[in-house]
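Predicted model, so just to flag it, every value in this text is computed and none were measured. Atoms within each ligand, like the ligands themselves, are counted from 1 in listed order.
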Amino acid sequence: MLSRRSIRQFKQDPVSREILGKLINSARLAPSGANLQPLEFVVIDDEDLRKMLFACLRWAAYIAPEGNPKPGCEPVAYVVILVNVDVRESGYERDVGAAVENMILAAWEESIGSCWIANADTNRIQNMLKIPENYRVDCVLALGYPDEEPIIEEMKDSVKYWKDSKGRLHVPKRRLDDVLHFNGF
Ligand SMILES: Cc1cc2nc3c(=O)[nH]c(=O)nc-3n(C[C@H](O)[C@H](O)[C@H](O)COP(=O)(O)O)c2cc1C
């Protein structure tokens with residue numbers, strides 16, 4: 001949890017189907033409001049589909065286009081997170097959060113980096129993957145072995161991450177004292 005960072009540059013070594021299955025299992029077992037379990041997952045590791053999906057995603061908006069995966073450093077797999085709206089029409093966002101964070105941490109345990117992407121052309125993804133109408137594409141998790149090592153910084157006056165002259169990403173985080181309240185505000 002403490003060493004995890006969002007990764008946007010990836011080595012091209014494949015992530016095994018076994019590990020991809022483990023990630024979905026960790027999402028399946030996440031907490032779910034009223035235990036409704038409205039989420040399902042499409043794993044993409046096919047090369048052509050990866051290229052098409054990549055074109056639907058937006059990266060590191062504060063520094064765009066500098067934060068985009070460089071050519072040859074694209075993700076090697078993705079999980080597309082679906083919500084069955086027949087099961088739950090609204091209020092499923094916390095389920096998505098728990099499931100995605102479970103996958104992120106399970107991946108990191110296997111030394112696999114990830115980037116949670118909400119800034120995506122979800123309509124295009126829905127059509128491309130022939131997702132039925134009663135499912136909503138919520139977000140995408142991009143995966144692969146890291147080819148960068150972002151570093152956290154104490155936040156000063158801005159939440160905006162930046163790249164230094166060597167191309168290393170620095171990510172400001174609020175101080176513990178600024179977010180921690182014991183026994184009331
Ligand atoms: C709900 C959510 C949506 C996000 N969407 C995107 C996105 O569309 N593109 C992207 O590059 N990063 C996205 N991120 C990653 C954040 O930019 C990243 O978590 C933040 O900069 C802090 O960096 P860290 O994950 O290394 O701590 C998203 C993160 C969350 C939690």
Side-chain angles (χ1 to χ4, degrees), residues 1-11 23 26-27 30-33 38-39 41-42 44 50-83 88 90-126 128-129 136-164 166-176 178-180:
M1 281 181 287
L2 301 184
S3 64
R4 175 214 66 82
R5 296 268 67 73
S6 291
I7 297 298
R8 299 183 182 85
Q9 309 296 330
F10 301 92
K11 297 194 173 122
L23 301 190
S26 73
S32 172
L39 307 183
F41 309 90
V42 181
I44 302 292
R50 278 193 276 146
K51 280 194 185 129
M52 286 160 71
L53 189 53
F54 184 75
C56 300
L57 308 177
R58 301 286 166 265
W59 303 83
Y62 288 135
I63 56 170
E66 242 189 285
N68 294 357
K70 290 179 279 188
C73 293
E74 297 90 351
V76 297
Y78 298 92
V79 179
V80 179
I81 292 93
L82 305 181
V83 182
R88 187 154 197 174
S90 62
Y92 51 74
E93 296 81 1
R94 295 180 183 91
D95 283 31
V96 172
V100 173
E101 184 70 358
N102 267 15
M103 288 193 278
I104 288 173
L105 294 177
W108 191 227
E109 192 175 30
E110 303 279 353
S111 305
I112 292 162
S114 61
C115 189
W116 186 346
I117 301 182
N119 193 356
D121 187 341
T122 52
N123 289 333
R124 206 164 137 202
I125 296 171
Q126 183 117 15
M128 192 180 98
L129 300 177
R136 193 169 295 157
V137 173
D138 185 82
C139 58
V140 175
L141 187 65
L143 296 160
Y145 292 93
D147 198 23
E148 66 168 341
E149 235 181 295
I151 185 171
I152 53 170
E153 302 284 349
E154 187 174 295
M155 199 182 101
K156 302 243 158 54
D157 48 4
S158 170
V159 295
K160 292 184 180 172
Y161 42 78
W162 73 91
K163 281 206 175 181
D164 65 24
K166 290 185 179 138
R168 190 170 192 192
L169 185 66
H170 296 254
V171 183
K173 291 286 178 185
R174 295 174 70 190
R175 284 160 25 94
L176 180 60
D178 292 342
V179 298
L180 170 62

Taking R88 for the side chain and V83 for the main chain, is one N or O donor matched with an acceptor at less than 3.5 Å?
->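 No.
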Short side-chain to backbone donor-acceptor contact, E148 and R8, under 3.5 Å =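 Checking the backbone N and O of R8 against the side chain of E148, a donor-acceptor pair under 3.5 Å is found.
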Report all side-chain donor-acceptor pairs from residues 109-117 shorter than 3.5 Å, counting only partners two or more places apart or in another chain.
residue: E110; atom: OE2; partner: K22; partner atom: NZ; Å: 3.2

Euclidean distance, L143 CG relative to W108 CH2, rounded to 0.5 Å |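 Reported to 0.5 Å precision, the distance equals 12.5 Å.
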Straight-line distance of L169 CG to S6 OG, nearest 0.5 Å =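 Going from the CG atom of L169 to the OG atom of S6 covers 8.5 Å.
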What class does the angle between the rings of F54 and W59 fall in, given that below 30° is parallel, 30 to 60° is tilted and above 60° is perpendicular?
->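 Judged by the thresholds at 30° and 60°, the geometry between F54 and W59 is tilted.
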Run through ligand 1 for me and note each protein residue having a heavy atom under 4.0 Å from it, chain first, then residue number.
->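 Around ligand 1, where the cutoff is 4.0 Å for heavy atoms, the contacting residues are R4, R5, S6, R8, R58, W59, A60, C115, W116, I117, A118, N119, Y161, V171, K173.
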